[in-house]
There are 2 protein chains.
Amino acid sequence: MTNDDQSIGGRPTLKTIAFMTGLGISTVSQALKDGPDISKATRQRVQLIAKQIGYRPNRAGVRLRTGKTNVIALVLNTKEESMGLVSEMVYGISDTLSGTSYHLVVTPYSLSDPMEPIRYIVETGSADGIIISRTQPDDPRVGYLLDHGMPFATHGRTNMGVVHPYHDFDNQAFALEAVKILHGRGRKNIALLGPPPTLLYQRHTRSGFEAGLRAFDMREYWLGDIDTDAELAGIIARGRGLGQDEARPDGIICSAAISALAIGAGLTECGLRIGRDVDLVTKESSQLLSLMRPEIICITENFRAAGRDLARAVMAWIDGADPANFQFLAGP
Amino acid sequence: MTNDDQSIGGRPTLKTIAFMTGLGISTVSQALKDGPDISKATRQRVQLIAKQIGYRPNRAGVRLRTGKTNVIALVLNTKEESMGLVSEMVYGISDTLSGTSYHLVVTPYSLSDPMEPIRYIVETGSADGIIISRTQPDDPRVGYLLDHGMPFATHGRTNMGVVHPYHDFDNQAFALEAVKILHGRGRKNIALLGPPPTLLYQRHTRSGFEAGLRAFDMREYWLGDIDTDAELAGIIARGRGLGQDEARPDGIICSAAISALAIGAGLTECGLRIGRDVDLVTKESSQLLSLMRPEIICITENFRAAGRDLARAVMAWIDGADPANFQFLAGP
DNA sequence: TCGCGGGCCTGAATCGTTACAGTAATTCTA
DNA sequence: TAGAATTACTGTAACGATTCAGGCCCGCGA
């Protein structure tokens, strides 16, 4: 009842517009969302004023009343760092989110339990949708989120027989292509430094790799129990080991730029020249590597595009779209 | 009046605890924050139950009532990418924020207007504090935030005669140290590839650089109008140009790892060997460079520590601490 | 002319929290 | 022992938005 000082002061609210138009608050609310019960003239009038005074709905008000947070959470493992993955993903997501009402909350977890941040978000309802990465073949987070009806999208696929949005790089095609390139350069004995077996794309990578070997009649040099998640020092040491091995591979395929650099460093230490004695093909996500080591052959994975896709997917799912329509596989 | 189904169902609220304890809602609210009006016994009882049932205050409720968002906004320029700056900053900030009630919202802006995201946050009150980077000597954002009473911290200092929290790398000391290293390696003719003059740390860098030249009686090779913000291709070309210059510098100091790589790439193209024909000293922020290009001399800047400091500073300021106590200068 | 159904708008209730003004019951003061 | 002060707790009113059950007025059919 006390329409004191609506005209002046603070941020405009529905009350402000109601006061200015002489309408009721609920009318204004409906008019702003083009409710059919409101006459066209009134709707236009309200919307005009709202625009003029720069009205923006109070997020807390909306959230409290409707439960809609207008937040997308990006859940990252601190391990995550394929040279720029984080920044590219963030920028990609923001590309999509800008111009919408969504904000991006970044939630890293250093802990060993990947479920913890997920549970937190679901239990406190602090986001409308979640983007997760480092997806595992049988990822507990996916099951949990599905169970709890929380929209999400994964960077990488799962192997669970359930449908959910994802963006994945076609690592099978990548590995196949890499083998083909090495074959084209006359290489025969190929090593694969792939991702850890806990991540599904390890299987895709291996599958493409093996298909390539078969197709071009090449053989594998078995690298043993080492993957792109290993300590850099360990990878360098492995490179050194290769350098001293008579039966060393003449081609190496690598799933991460940084690991390629590391293994290359080890090889170089032994006096081997990349591009001559050994060929190195790697995935990379920025122009950096080609600068640092132009002799390393690069196949680009675009994390920014991934971020864009993932954000689009989550938003669409939140809006009720069919998640099956948002499964993206990016070619190399 | 209708205490229907408080015991079961959804997330616990104050009402749930009120129902369980038989107390009033406001009593519970006060008890949880150790209000002095509530008896010790009651406070403990309430807090015990709250913990047991995993009560967490509804952020929207708090935010609507108090205006406190429990959000720190990190405002980034998409240009930003000193190899891992974004991820390291994010992880650093999260280190500090984890365990508190704060969430981290990341707001990149690709637009030319750095004020836009700042205004948005202030006008919509969508954060309690802001962390900004790419600080300029006379930064309009700093003035604006000060005017509007929004706590913030800057990555880098300003030159405005106002006090605010910051974390800065001592670029003067870095440049001086770099010159000293080059002097120690017998170099005489030094080039500086510094940051763009719009950023204050360009001055610090130059100042340290010039002091070093004077102290060790060396001379500058003037690189001209190029800085670490330039296109990589341009920097590479400049490196190539240097390689072909008879009077080329025998030492180069670089403010960003990626630029060092670029200029190094240009030099290498001309057959020059880094570490022999030319020495290259650069700032870098990960172990990457020193591992992969050991011939480049690295001085490390720790962005994660910066993130930690900045988050601590903003939180402290929000809590009413004196901003003057949160000015950090990190040595090389 | 009466009643009924739309069209257009409004008030009240609600989401979860906090600030503030009470209100009993108890204890202290003179 | 009356009155004041203290202790311990409670009800109400916001914060800003949305939802929903009306309410009023008009035109139309019988």
Side-chain angles (χ1 to χ4, degrees), chain A residues 1-6 9-47 50 53-70 101 123-126 128, chain B residues 1-6 9-47 50 53-70 101 123-126 128:
Chain A
M1 288 302 150
T2 56
N3 266 333
D4 314 63
D5 40 12
Q6 281 307 325
R11 209 176 136 194
T13 69
L14 290 183
K15 206 160 142 197
T16 318
I17 303 181
F19 176 70
M20 293 175 78
T21 55
L23 295 163
I25 293 180
S26 42
T27 312
V28 174
S29 173
Q30 295 206 66
L32 281 177
K33 41 176 52 85
D34 262 327
D37 274 7
I38 310 296
S39 76
K40 194 155 205 168
T42 302
R43 288 190 304 216
Q44 290 180 340
R45 198 158 62 92
V46 168
Q47 287 167 14
I53 65 175
Y55 167 77
R56 290 165 192 274
N58 179 308
R59 311 191 114 230
V62 175
R63 181 164 170 178
L64 182 56
R65 179 63 232 247
T66 66
K68 176 130 209 244
T69 62
N70 283 296
S101 60
E123 283 170 9
T124 64
S126 52
D128 297 330
Chain B
M1 287 304 148
T2 56
N3 266 333
D4 312 64
D5 39 11
Q6 281 307 325
R11 211 178 133 193
T13 68
L14 290 182
K15 205 159 141 197
T16 318
I17 302 181
F19 176 71
M20 293 175 78
T21 54
L23 295 163
I25 294 180
S26 40
T27 311
V28 174
S29 172
Q30 294 207 69
L32 282 176
K33 38 176 55 84
D34 264 328
D37 274 9
I38 310 297
S39 76
K40 193 153 205 168
T42 302
R43 287 190 304 215
Q44 289 180 341
R45 196 157 65 93
V46 168
Q47 287 168 15
I53 65 177
Y55 167 77
R56 290 166 193 274
N58 179 307
R59 310 191 114 230
V62 175
R63 181 164 169 178
L64 182 56
R65 180 63 235 247
T66 65
K68 175 128 207 240
T69 62
N70 283 296
S101 59
E123 282 169 9
T124 64
S126 53
D128 297 330

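Side chains included, hydrogens not; waters and symmetry mates left out as well; all remaining heavy atoms used. Labels below follow one simple rule: chain letters A, B, ... track the order of the sequence lines, proteins then strands, and each chain is numbered from 1.
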Do A:Thr42 and A:Ser39 get their side chains close enough for a donor-acceptor pair, meaning under 3.5 Å? yes
Out of C:dT17, C:dG16, D:dC9, which nucleotide sits closest to the side chain of B:Leu14? C:dT17
Side-chain contact check for B:Tyr55: nearest option of D:dC9, C:dT17, C:dC9 is C:dT17
Enter the distance from A:Asp128:CG to A:Thr69:OG1 here, rounded to the nearest 0.5 Å. 3.0 Å
Could you give the distance from CZ (A:Arg43) to CD1 (A:Ile38), rounded to the nearest 0.5 Å? 8.0 Å
Starting at [atom1] of [X] and ending at [atom2] of [N], how long is that distance when rounded to a whole Å?
| X | N | atom1 | atom2 | answer |
| --- | --- | --- | --- | --- |
| B:Arg56 | C:dT17 | CZ | C1' | 17 Å |
| A:Lys68 | C:dG16 | NZ | P | 19 Å |
| A:Asn58 | C:dC15 | CG | P | 18 Å |
| A:Gln44 | C:dC8 | CD | P | 13 Å |
| A:Ile38 | D:dG23 | CD1 | C1' | 14 Å |
| A:Lys15 | C:dT10 | NZ | C1' | 16 Å |
| B:Leu64 | D:dA13 | CG | C1' | 13 Å |
| B:Lys40 | D:dT7 | NZ | P | 14 Å |

Grab the stems for DNA chain C, please: at least three consecutive Watson-Crick or wobble pairs, both distances below 3.5 Å, written as range with range. C:1-30 with D:1-30
Give a yes or no answer on whether the side chain of [X] reaches the backbone of [Y] with a donor-acceptor pair at less than 3.5 Å.
| X | Y | result |
| --- | --- | --- |
| A:Arg59 | A:Ser101 | yes |
| B:Arg56 | B:Arg11 | no |
| A:Gln47 | A:Ala31 | yes |

With a 4.0 Å cut-off on heavy atoms, is A:Asp37 in touch with a base, just the backbone sugar-phosphate, or nothing at all? base
Within residues 23-31 of chain B, residues whose heavy atoms come under 4.0 Å of DNA chain D: B:Leu23, B:Gly24, B:Ser26, B:Thr27, B:Gln30
Whichever of B:Arg43 and A:Arg59 has its nearest DNA chain D nucleotide further upstream toward 5': B:Arg43
Run the side-chain hydrogen bond (donor to acceptor under 3.5 Å, both in side chains) test against A:Thr66 and tell me which residues pass, sequence neighbours left out. none
Decide yes or no for B:Thr16 and B:Thr13: does some side-chain heavy atom of the first lie under 4.5 Å from some side-chain heavy atom of the second? yes
Going through the checks in order, is the side chain to side chain contact (heavy atoms under 4.5 Å, CB included) test met by B:Ile53 and B:Ile17? CA-CA 9 Å; B:Ile53 65 177; B:Ile17 302 181; 3.8 Å; yes
